[in-house]
Each structure stands twice: as structure tokens, then as C-alpha cells.
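Position 1 is the first residue of the sequence; numbering continues from there.
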Amino acid sequence: MFPDVSGMTLRRDIEYFEREHEAIKVRGGARSMKFITNQSDGSISARMQKNVHSKEAIAERAVEFLETGRSIFIDSGSTLQQLVKHVPNERFTFTTTDPAAAIELCKIGQPIVNIVGGRLEGDNQTIAGLQATRFLADINIDIAFLSPSGLSLRSGFTVGNYSECELKRIVVEKARLVVILMDASKVDKSLPYTFATFDDADVLITSQPLPDELMAEALAKNVRVIDVSKE
């Protein structure tokens, strides 16, 4: 469409519009932000007040998968903020996209905390965008704690924000151990963007039994399902 403009110039222009929040890079090009669906399950402040007991129970169990001497990624979200409350004062190395979680981790004392740089998404209070994906591309991740906005048999683990999805995909590809934390409100819910399937997950910690078809899929893919309601 633009034969007189070099590819390098076009890439710089796309990066400019991404910095201005007018466009976002996708595979094979870019899209206007006007056409990027941005669905979510509410602001972080609202979600922090929902299903608190279930999220605490999930977080308490997830702590078992922390290991010192590993590079650990902690996702943003209300369930992950509950996880931070249970982190012991030991020499962990964390990377997170959640500024609030980073601050609380620093208060513990011994953990080393890296916070991803990039654009701060207001409602979710998470770091996303081009700078964030570039940051993660340059680090190693051994254990990843992630939280979806939805899980369905057809779509897998989904979120409503494209930038967040791209970032989570990078984390999933890098991690040796992928631990999904998910309260029951996310089950049979499908949002526009899939960041992982049962093929990618190693552990799923949830607050209620999965529907039979989802449980069968998890077992078929050797995913360890931990239902905290039975404990």
C-alpha cells in the first residue's frame, strides 16, 4: 500500500502509534485500538471484594509451589494479590506485572522483586504493552503463577485484553512450571483472547470441582487439578 516508504519507517510509525495508545502490534502487522475488544470481569478494586474466602484458600495452596533459587513470575489480579500475602520471608526472585503486588513483596524483606516496565492499564492495574513484552522476552522464567478471566473447553484460558494476552503467552512459553489460579466464577466463561490451553498448564488450583468435561480434558493433558473446596 505504501511502496515509497521503507519497512523500517513503517515499523517506527507503528511503534509511535503504540506508544500513543492508538494502535497495537499483532502478528503480521498492527490494529487500531478502536477495533481491539477490551472485555474484563471488572476493575481490580471490585474484584478484590468478590469471592475473598475462595481466593485466599487458593492462594494458601499455591504457596506450596514457590521455590527459592528459581525465577518466579507472578501475574496481576485479585487472586494473585492474595498469594503475595502468604509469601514467606525467604530469598525468592520474583518478576511481576502488578505494581501493588511488587510493593507488598518488597515489604516482606528478603525477596528480590523485578517489576515489568510498560503501560499501566487503569482498571486492571497491570503493566502491558510493547515495552512489557520486550522486557519479558529478555528474562528467564522458571515458575509462573497466572490467573485467567475465563476457562472453557473450546477456548481454553482466556482474557479480555489483547496486550495482556500476548504478555501471558510469552510467560507460558518460557515457564517450566505453569500454575493457574482460578476461582469458580471463571469456569465456563470465554473471553476474546486465549493465552493458554490445558496443553500448556501443569497445575490448576480452583475453588470448586470442575465440570466433568473440563476435568476429563485436564486429566487427559496430565494437568494436576487441586480443588481447595475438598480440603
Interatomic spacing from CZ in Arg224 to CG in Leu204 - rounded to 0.5 Å: 11.5 Å

Same apolar cluster: Ile180 and Leu153, side chain cutoff 4.5 Å: yes

Transitive ILVMFWY cluster of Ile115, excluding itself - 4.5 Å side-chain cut-off: none

Min side-chain heavy-atom separation Ser78-Asp183 under 4.5 Å: no

CD1-CG distance between Ile205 and Asp227, expressed to the nearest 0.5 angstrom: 11.0 Å

Val172 and Leu146, any side-chain heavy atoms less than 4.5 Å apart: yes

4.5 Å side-chain heavy-atom contact, Thr95 and Val171: no

Nearest-0.5 Å distance, CG of residue Leu80 to CZ of residue Phe73: 8.0 Å

Atom pair CG (Leu66) and NE2 (His86), whose distance is rounded to the nearest 0.5 Å: 11.5 Å

Side-chain (Thr158) to main-chain (Ser190) donor-acceptor, under 3.5 angstrom: no

Would you tabulate the side-chain donor-acceptor contacts of residues 101-112 under 3.5 Å, counting partners in other chains and residues two or more places apart, or write 'none'?
{"residue": "Glu104", "atom": "OE2", "partner": "Lys107", "partner atom": "NZ", "Å": "3.1"}
{"residue": "Gln110", "atom": "NE2", "partner": "Asn89", "partner atom": "O", "Å": "3.0"}

In one Ile/Leu/Val/Met/Phe/Trp/Tyr side-chain cluster, 4.5 Å: Val187, Phe195: yes

Lys/Arg cation over aromatic Phe198: Lys221, 6.0 Å, 45° cone: no

Ile58 with Ile72, same ILVMFWY side-chain cluster at under 4.5 Å: yes

Interatomic distance, Phe157 atom CZ to Ser152 atom OG [nearest 0.5 angstrom]: 10.0 Å

Note, Asp142 side chain near Leu177 side chain (heavy atom, < 4.5 Å): no

N/O donor-acceptor pair under 3.5 Å between Arg169 side chain and Thr194 backbone: yes

Check: Ser54 and Val228 side chains under 4.5 Å, non-hydrogen atoms: no

Modelled atom types, side-chain donor and acceptor of Asp98 and Thr96, under 3.5 Å: no

Val225 vs Leu214 side-chain heavy atoms within contact, under 4.5 Å: no

Hydrophobic cluster identity match, Val87 and Val116, side-chain contacts under 4.5 Å: no

Check against side chain to side chain contact (heavy atoms under 4.5 Å, CB included), Ile143 and Phe92: CA-CA 11 Å; Ile143 304 171; Phe92 297 106; over 6 Å; no

Test item: Glu15 and Leu130 side chains (from C-beta on) under 4.5 Å apart, heavy atoms: yes

Approximate separation, where rounding is to 0.5 Å, of Thr97 OG1 and Lys168 NZ: 6.5 Å

Same cluster (ILVMFWY, side-chain, under 4.5 Å), Met215 and Val203: no

Test log, rule side chain to side chain contact (heavy atoms under 4.5 Å, CB included), inputs Val52 and Gln82: CA-CA 9 Å; Val52 176; Gln82 294 293 340; 4.2 Å; yes

Residue pair Leu136 / Glu166, side-chain heavy-atom distance below 4.5 Å: no

Asp75 side chain vs Phe145 backbone, donor-acceptor pair below 3.5 Å: no

